[in-house]
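First the structure, in the form of structure tokens, and then the observations on it.
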Amino acid sequence: MSASALELRGLSKRFGRTLAVDGLNLDVPTGSFVCLVGPSGCGKTTALRLIAGLESPSEGAILSEGVDITRRHPAERGLGMVFQSYALFPNLTVGANVSFGLPGAMPTAQKQARVAELLELVGLAAFAQRRPADLSGGQQQRVALARALAPGPRILLLDEPLSALDPHLRDQLRAELKALQARLGITTIMVTHDQAEALALADQIAVMRGGRLEQVGSPEAIYGAPANAFVASFIGPLNQLPATVGEAGQVVLANGARIAADISGLAKGAAVIATIRPDAVRIAGASDAGALSGQVIAREFAGASVRLSIRLGDEGGPVLRLDVGADHPRASAGLGEVVDVALPADQVRLFAAEPRA
Amino acid sequence: MTLPKGPSAGLLLLIFAVALALFFGAPLGELAWRSLSAADGGLTLAHYAEYLTSPGLQRSLVNTAVLGAWVVALVTPAAFLIAYGLERTRLPLKGMLASLAAAPLLVPSLLPALALVYLFGRQGLLKPMLGGWTIYGAPGLVIADSIAALPHAVVILRTALSGADARLYEQAKLLGASGWKRFWTITLPGCRHGLVAAALVVFALTIADVGAPKVVGGGFDVLALDIYKQVIGQQNFEMGAVVAIMLLLPTAAAILFERHAASRQAASVSAQAKAYHPEPDRGRDLVVGIGCVLIALAIAAVMATAQLAAVVRQWPYDLSLTGIHYDFDRYDGGGWSAITNSVMLALVTAVVGTVLAFVGAYLAERSQAGRGLKRVYSVLALGPAAVPGLALGLGFALFFNDPANPLHLIYGTVGILIAANVVHFFTVAHLTSVSMLKSLDPAFEPAARVLGRGGLTLFGRVIAPLSAPALVEIALYLFVNAMTTVSVVVFLYPPEFKLAAVAVLNMDDAGDSAPAAAMGMLILYVNIAARIVGGLALRRLARRSTPVETPDTVLAGVAP
Ligand SMILES: Nc1ncnc2c1ncn2[C@@H]1O[C@H](COP(=O)(O)OP(=O)(O)O)[C@@H](O)[C@H]1O
Ligand SMILES: [Mg+2]
């Protein structure tokens, strides 16, 4: 049983009065791809900088393969980092950028070979003599990756490496990044605020809020079994309906409608939030008992599906969003039409109502 | 190899801060101390009391304020007109207008005064035009100082006007606002900070100038001249110190207020602003153009007069050409060596000042030195701009002349001139460095650290090359100012190391105004040559096509 590539133990960082990172505990298995996700300002970058040694923690420890590296110089931690801005040196050629981190003592020929190898790896073999400004955003990102990998790190840190790119380019580079990581088998920690990116790339997702970890798990677990309403809503679109626990496996919505849910362990009358993802809401068939009906108040076409927003009950009643396959007969429901929907009980998740700030 | 890590950057910055304290704080402290010290070594306000009850000196106080106010009233609108012409119109020959408006920067401040005397003085060519009036005294001073201060105000107002957000104008036009209304509701309010800054800087520059009062002051005594007279004439250092402090207070207040306003305005500039391009407007261009041409002609006439007077046998009676006034060794100013001395001093000042200011700014902005130390250094570096050259020069003289001071050994050497010049012009060099460094990606240092490369490697291979254009600008600024300054060196230059700008003052003082004008114009030509060389260097750097832009230079900042 080998030790983890990286282990964070109670890691905290305080900037004056802000607690940017608050008691992080995280295990990063060797060779895995871990994504730190969370809304802007939740401390992701700070956590990454702590790991890199660019900030020193106020509390806690960082272990690499069982060895405490909390106080080590950044260069002696065996990691490479890609910055959000890429931080390519604009006056140096692509080749010189990539070789920047190679040891000064390395013979020139060996350096050149290493640079060529890395540029080959990221598909930029022909660009060694160009300057960063002559490259596209995607190419710059790959140069930054090559530069970070050049000294042969064991761990790769990526701070929002795709956020500076055009959306259509982002998907493509996402796939390339994943393929490269898999090929190299390098332990990777990536920071992103984009949950779709995290779901697509990560073996393990760590969701952060306000400096704390809310949940760590596989993408499937985070999406399918979120620990709380914050994680559930952050990781994908979510209906959140205030409700109270009723009887016989039901909760009561604000408009009096009842929906079936697993209420085990909850006291009757407790305030909860009933959640369900729009893609889990179904158009009710004839056989569905306890269907809800509502009036369409908004309709968004999204290619393969249509997202309908329906108001349950009267004016002021709760609004439910649902995704209907574009080929479903009810997908063409217009504004004002009434739609009957079913909320499968196993897809409804109840969370304790959080006190609203 | 990871040099320098945290501690060494901190140590280096500490050395910088201590050096600034020694070469800026201590001389000022000495100045203040001497203004308060009694003959028996105790503290006393007697010098101040003596000063405030002396009617002559009281008059200087009033005169100085009046002079400052007049120059501000004259220069601010004139500079605004030129800046507007350059930034907001489609006038032709903008390059020439800009050069002429900047020309007074390249000469000692007494040269325009000298030219005024040639035009309107006792033997002035145009004296009959004045009727019974005389140029000596307030009128001449106001005009001469206005010409000297104009370029500084133009730089500030150009910056203010060039930052316009085209979106505001487009919106106003869509709402049907006329050009005139857009001017009053968008343009003027948009550059009110610039106008205030220009007025404050002009005031500070004017009251600190000693050159023009010396030449055309007549009986209109001002504080700066009083300091000069007390120190050079009467060797009364205590009284000189008192007057220097009296001069320092309003100057410092004006400059510190200006800096405060500037930093507040910098924060308010929108990142999404869209560049403004003036549209064709004949009427606007005609009106602004006429004003600009008149001002430019006045400057050109002043320069031409100085040059003409330098090459004719005896202005205005014998206008035959001669080179006799260039035989500087015949006059009591320092001879040709004054020019070579000045060039040498300016070169060393430029190199030393650029390196120190840039490295200091780098350490204070981007190193891992402690935050408190960084802040202390940044505040210290802002100080010199707030201190008039005469006050700094006198502080230097008092502080380093003390034999008990271990640094006494630089007294009476070229070293003290270099130090005084570097300190005097340090703030602008520092601020230009800071704005350059701020424009570079803050992730460079972390990236280099993770890659295991020390600060020195990054500095040498990336930071300095990327900053090259700003470094050239700073060096040029230092060179030109070191060539033209009188105030900061006039109490310090060793007898065997005469300086050109001081020679202009001394030769004029001795009645040799033609050689004084000749040398003043030589300074101009040396500075023009320096600007051309600097311009070529900048163009070469631009051709190397580094994608990083030079930041808006803050060369508008001033060291009065
Ligand atoms: N150097 C710093 N000094 C002070 N506060 C900081 C510093 N770096 C980050 N913070 C604060 O810490 C919090 C987390 O920031 P950051 O880690 O950059 O968040 P994220 O990357 O998730 O957007 C923010 O409130 C931010 O303002
Ligand atoms: Mg971030």
Side-chain angles (χ1 to χ4, degrees), chain A residues 15-16 45 48-56 71-93 96-106 130-135 140 143-144 146-153 155-160 164, chain B residues 1-10 271 362 366-372 374-375 436-472 540-551:
Chain A
F15 291 115
T45 296
L48 209 62
R49 289 173 62 90
L50 285 169
I51 295 170
L54 295 169
E55 306 278 358
S56 51
R71 305 271 156 228
R72 270 202 206 159
H73 188 271
E76 286 149 19
R77 297 180 176 215
L79 37 82
M81 185 161 177
V82 173
F83 292 80
Q84 194 164 0
S85 62
Y86 309 144
L88 295 178
F89 305 130
N91 60 320
L92 302 183
T93 61
N97 265 285
V98 175
S99 70
F100 193 86
L102 296 176
M106 193 187 265
R130 304 277 194 92
R131 289 188 197 262
D134 302 333
L135 306 186
Q140 289 180 16
V143 175
R147 185 177 70 178
L149 291 170
I155 302 174
L156 185 60
L157 305 179
L158 308 169
D159 189 359
E160 312 241 5
Chain B
M1 283 291 288
T2 49
L3 269 168
K5 282 185 201 164
S8 55
Y362 181 77
R366 301 180 70 105
S367 80
Q368 286 185 276
R371 234 188 253 192
K374 285 178 170 179
R375 194 161 314 151
M436 177 70 232
L437 289 166
K438 276 195 197 299
S439 74
L440 300 179
D441 188 340
F444 284 166
E445 280 77 12
R449 287 179 69 207
V450 173
L451 289 169
R453 283 323 190 86
L456 273 182
T457 312
L458 182 75
F459 187 86
R461 286 193 60 194
V462 178
I463 304 287
L466 285 176
S467 307
L471 295 176
V472 172
R540 266 195 58 175
L541 289 171
R543 233 184 307 125
R544 268 194 355 208
S545 81
T546 45
V548 175
E549 286 180 28
T550 341

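Labels below follow one simple rule: chain letters A, B, ... track the order of the sequence lines, proteins then strands, and each chain is numbered from 1.
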Minimum-distance pair of heavy atoms, taken over all atoms of [X] and [Y]:
| X | Y | value |
| --- | --- | --- |
| B/R449 | A/H73 | O-CE1, 3.8 Å |
| A/L79 | B/V450 | O-CG1, 3.5 Å |
| B/R453 | A/L102 | NH2-O, 3.1 Å |
| B/A447 | A/A87 | CB-CB, 4.1 Å |
| A/F100 | B/A448 | CE2-CB, 4.0 Å |

Legend entry - Side-chain touch B/F444/A/S85, heavy atoms, less than 4.5 angstrom: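 No, too far: nothing below the 4.5 Å cut-off.
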
Legend entry - Validation row: A/F83, B/D441 side chains within 4.5 angstrom (heavy atoms):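 They are not in side-chain contact.
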
Legend entry - Largest heavy-atom contact set with chain B, pairs under 4.5 Å, which of A/Q84, A/R49, A/R147: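 Highest number of pairs under 4.5 Å: A/R147.
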
Inset, instruction - Would you give the length of the straight line joining atom CZ of A/F89 to atom CG of B/L466, rounded to the nearest 0.5 angstrom? - result: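 Reported to 0.5 Å precision, the distance equals 9.5 Å.
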
Inset, instruction - Pick out which of A/S99, A/P151, A/P153 makes a side-chain contact (heavy atoms from CB on, under 4.5 Å) with B/L451. - result: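 Exactly one pass, corresponding to A/P151.
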
Inset, instruction - Please list, chain by chain and in numerical order, all residues satisfying side-chain hydrogen bond (donor to acceptor under 3.5 Å, both in side chains) with A/Q140, sequence neighbours excluded. - result: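 With sequence neighbours excluded, A/Q140 shows a side-chain hydrogen bond (donor to acceptor under 3.5 Å, both in side chains) to no residue whatsoever.
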
Legend entry - Partner residues of A/T45 under the side-chain hydrogen bond (donor to acceptor under 3.5 Å, both in side chains) criterion, sequence neighbours left out: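 Scan of A/T45 (side-chain hydrogen bond (donor to acceptor under 3.5 Å, both in side chains), adjacent residues dropped) gives A/D159.
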
Legend entry - Residue B/L458 versus chain A: region with a heavy atom under 4.5 Å: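 Contact with chain A involves both backbone and side-chain atoms of B/L458.
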
